[in-house]
Amino acid sequence: MTESKISLTHLLGLEGVSAADIQVLIDTGFTFREVLDRPIKKVPTLTGINVVNLFFENSTRTRISFELAEKRLSAEVTNFSAASSSLSKGEGLKDTIRNLHAMKMDAVVMRHPVSGAAQQLSSYVDAVVINAGDGTHEHPTQALLDIMSLQERFGRVAGLKIGIIGDVAHSRVALSNIFGLQTLGAEVSVCGPGHLLPPHLSDLGVSIIPDVDDLLSWADAINVLRIQRERMGVGLIPSVREYRNGYGITNERLARHKGELVVLHPGPINRGVEIDSDVADGDQAIILDQVLNGVAVRMSILYHLLSAKGAA
Amino acid sequence: MATRPLPEVVLIRGGTLYDPSTGHSRQRDVLIVDGMLAADGESVPSGAHVIEAAGCVVTHGFIDLHAHFREPGGEDKETLATGAEAAMAGGFTRVCVMANTDPPVDSPEAIAAIREKSAQLPVIIYPIGAITAKMAGLELAELRGMRSAGAVAFSDDGKPVTDGQVLRNALLYAADLGLPIINHAEDAALRGAGVMNEGALSTRLGLPGNPGMAEESMVYRDLLLAQNTGGRLHVPHVSTAGAVDQIRAFKAAGVAITAEATPHHIALTEELLRGFDTAAKVAPPLRTDRDREAVLAGLLDGVIDCIATDHAPHTVEDKELDMVNAPFGMIALESAFGLAHQALAGAGATVEQVIDMLTARPAKVMGLELTPLKPGAAAELVVVDPHEEWTFGIGDIHSKSRNTPVPGMRLRGRVRATITSKGLSDIN
């Protein structure tokens, strides 16, 4: 395995993570991609290491991706889904975690509905913490797989123009992408309904391009955010057709722009809302590469963080 | 420095006595015999408890017009007795306690109960009654009856009075009673789910933001109501530059309003939220440095009348929740002087000015008389060392709760002793 090391003890977010660390995680991700192409897709790297997937919020894709990554590294995997447990707001984060900690876990992969929960967790336990999404804050592993997929397609990230489209205010994918892409020298612009963009975004060095067609003609690649159905009809998004007409990535719209424009989507896709099926399944989309890279880069993250801790 | 009974004879030696009711200051020892200030030149009996006060200022005990002591209903967080301990440790000899207990203090009986339960405590507790019945924001509570029972002001603090007509009626009614109305000014809809100041940092942290305009729009409404009713409005915990400007403008127009600022809003900023520290989650939120400086300037030029702590205890378990579910508030009595003095001295204030903001000025807001610092008066004193630089620690907390982001911070100015006719708390 690669000799390079990272300077992180946890992966809480991409804000403040160095370009060198991001690059090491992605490079090792490509190495693990080769493992995934073998007939026997398993290495003994994390044999005897205990990892718990602690999901306080429903997530099928991210959890399965982590679980696959862990199993392919031969880790012992425990799944804890608090979204379906009796855990309510009355039970402290710390209490749950102390219990899990008493079970001597080496690493905790956590998804939590509240921003900052991963950082709070990291101050309560001495296990490695990997943020699998905290509130509307960060989703660093998603951004790493996005960046890895862009690098695979373009051979580089520096100098790329990346557009993020949709409900940025309620997205954790957007923020991690912004931090990670900027660190690697890409330029990021966003497009979405004004009330679904977080305030003071320009302070983060992000430009806002209000018209989606303007964004498409500017960008080398676009990351189309999933529109949460629960935002519909509660005063935020008037209707599906209204959103689709304004911001939806349809074939007709895409056809008006350069053919090399690359389309990413973090999934799960609302076909016919933020993106049409023929776009999602078309040549310009790299959505399935993202899924595969997701497993590889999560293997890389687990490997590096647990080696840094001396566990692997 | 737990409070103990006041020794029969106490000598405060070598300090400068500053009387905020006259503004006079002079170097002198203070002798307290049987809880009363002794006449000048009286000989010091042997066996006196001596408090060395060289380099210190001896002055009137501080008055906090905004604290939450949680009794009844929240005794796991604070009681009147533990709150009084925190007050003594922080130099406060009088504390006005907010009505948002469980059940709320919204009747003459509830006011009387607080007075009765606190009668033997070393500090004077002044109850503030709720503005509306059950603090539901709909119907006026028995303000007249509560005043007769001892209420010093009315507030639904913690809950803004959303209905403008209700607050208008309250201001008119309380004007007849001569007592201030204190409205926690935050537009609930604009505040939304906000847990910190809305701005570039909240966006960076992905945390729901509470914009300054949530406070400013309701402060503005309240100021208009005060202007139109002639009622006595007191604006609590001013936190934004915009709100300071509005208060300045209405005062300039001759409207009889008062306002307070907390030590945390003049000394700390939203930067403390960077580590997702729930101890720094407070309402209204810690804001930007620009807001902090504006509030500080407002205090210095008198637009903001006084310092008040908004001491708000919460249990460790509650504050160990995540950023959304953890409650708002921080304890503040013990660190108030050091934190406020540090910020104000840094902006050029003298220690006497800081003392005024903690004594004469809040007394004036609430219509309270200061105890004269002269022979025969009951002892109500604090000894502060304005020069001492120290690190505030968990051990300096006497509240039943520990929710404050201040531990570990260097402060300038420290309370050395607090003396009332019922008790002494000192760190000799």
Side-chain angles (χ1 to χ4, degrees), chain A residues 12-16 56-57 82 87-98 110 112-124 131 133-140 168-176 178-179 182 190 195 197-206 208 235-236, chain B residues 76 189-214 216 240 269-281 285-291 314-328 401-403 405 407-408:
Chain A
L12 306 177
L14 288 193
E15 188 185 12
F56 290 90
E57 202 180 65
L87 194 91
S88 65
K89 89 177 211 180
E91 184 172 355
L93 182 61
K94 189 167 171 179
D95 230 21
T96 313
I97 285 150
R98 273 195 184 128
M110 185 171 78
H112 196 280
V114 178
S115 302
Q119 183 159 338
Q120 286 180 284
L121 168 66
S122 70
S123 63
Y124 298 147
N131 184 4
D134 63 325
T136 51
H137 181 219
E138 288 225 42
H139 192 355
V168 179
H170 298 97
S171 169
R172 47 187 161 231
V173 175
L175 211 48
S176 285
I178 290 167
F179 294 138
Q182 287 180 338
V190 301
H195 60 292
L197 300 181
H200 304 274
L201 207 48
S202 56
D203 287 21
L204 271 59
V206 174
I208 295 165
L236 290 178
Chain B
D76 53 335
L190 280 174
R191 177 173 71 181
V195 301
M196 68 171 289
N197 181 50
E198 180 181 295
L201 186 60
S202 66
T203 291
R204 192 174 280 277
L205 297 175
L207 285 172
N210 173 358
M213 64 184 167
E216 289 154 8
T240 78
T269 69
E270 61 177 4
E271 287 297 319
L272 286 181
L273 275 300
R274 257 189 205 280
F276 299 98
D277 181 3
T278 59
K281 180 183 172 185
L286 299 176
R287 306 262 188 202
T288 63
D289 208 41
R290 183 181 155 265
D291 291 305
H314 290 289
T315 61
V316 171
E317 304 86 85
D318 284 349
K319 278 290 189 178
E320 278 177 355
L321 293 168
D322 56 63
M323 282 302 295
V324 165
N325 288 308
F328 293 95
S401 292
R402 293 162 61 168
N403 54 302

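Below, chain A is the first sequence line, B the second, and so on; all start at residue 1.
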Can any side-chain N or O of E138(A) pair as donor or acceptor with the backbone N or O of G206(B) at less than 3.5 Å? no
Tell me, for L204(A) versus chain B, whether the close heavy atoms (under 4.5 Å) come from the side chain, the backbone, both or neither. both
Kindly write out the residues that satisfy side-chain contact (heavy atoms from CB on, under 4.5 Å) with T269(B), not counting sequence neighbours, or none if the list is empty. E271(B), D289(B), R292(B)
Measure the CG-CG distance between L205(B) and D134(A) for me, rounded to the nearest 0.5 Å. 10.0 Å
Atom pair CD/CZ of E15(A) and R274(B) - distance to nearest 0.5 Å: 6.5 Å
Could you check whether any side-chain heavy atom of T278(B) comes within less than 4.5 Å of a side-chain heavy atom of Q120(A), counting everything from C-beta outward? yes
Which residues pass the side-chain contact (heavy atoms from CB on, under 4.5 Å) test with S171(A), not counting sequence neighbours? V173(A), A174(A), L225(A)
Holding to side chain to side chain donor-acceptor pair (under 3.5 Å), I want the full list of residues that pass it with D277(B), two or more places apart in sequence or in another chain. none
So does L201(A) get a backbone contact from the side chain of T203(B), meaning a donor-acceptor N/O pair under 3.5 Å? no
Using a heavy-atom cutoff of under 4.5 Å, enumerate the residues of residues 189-200 of chain B that contact chain A, numbered in order, or state 'none'. E198(B), G199(B), A200(B)
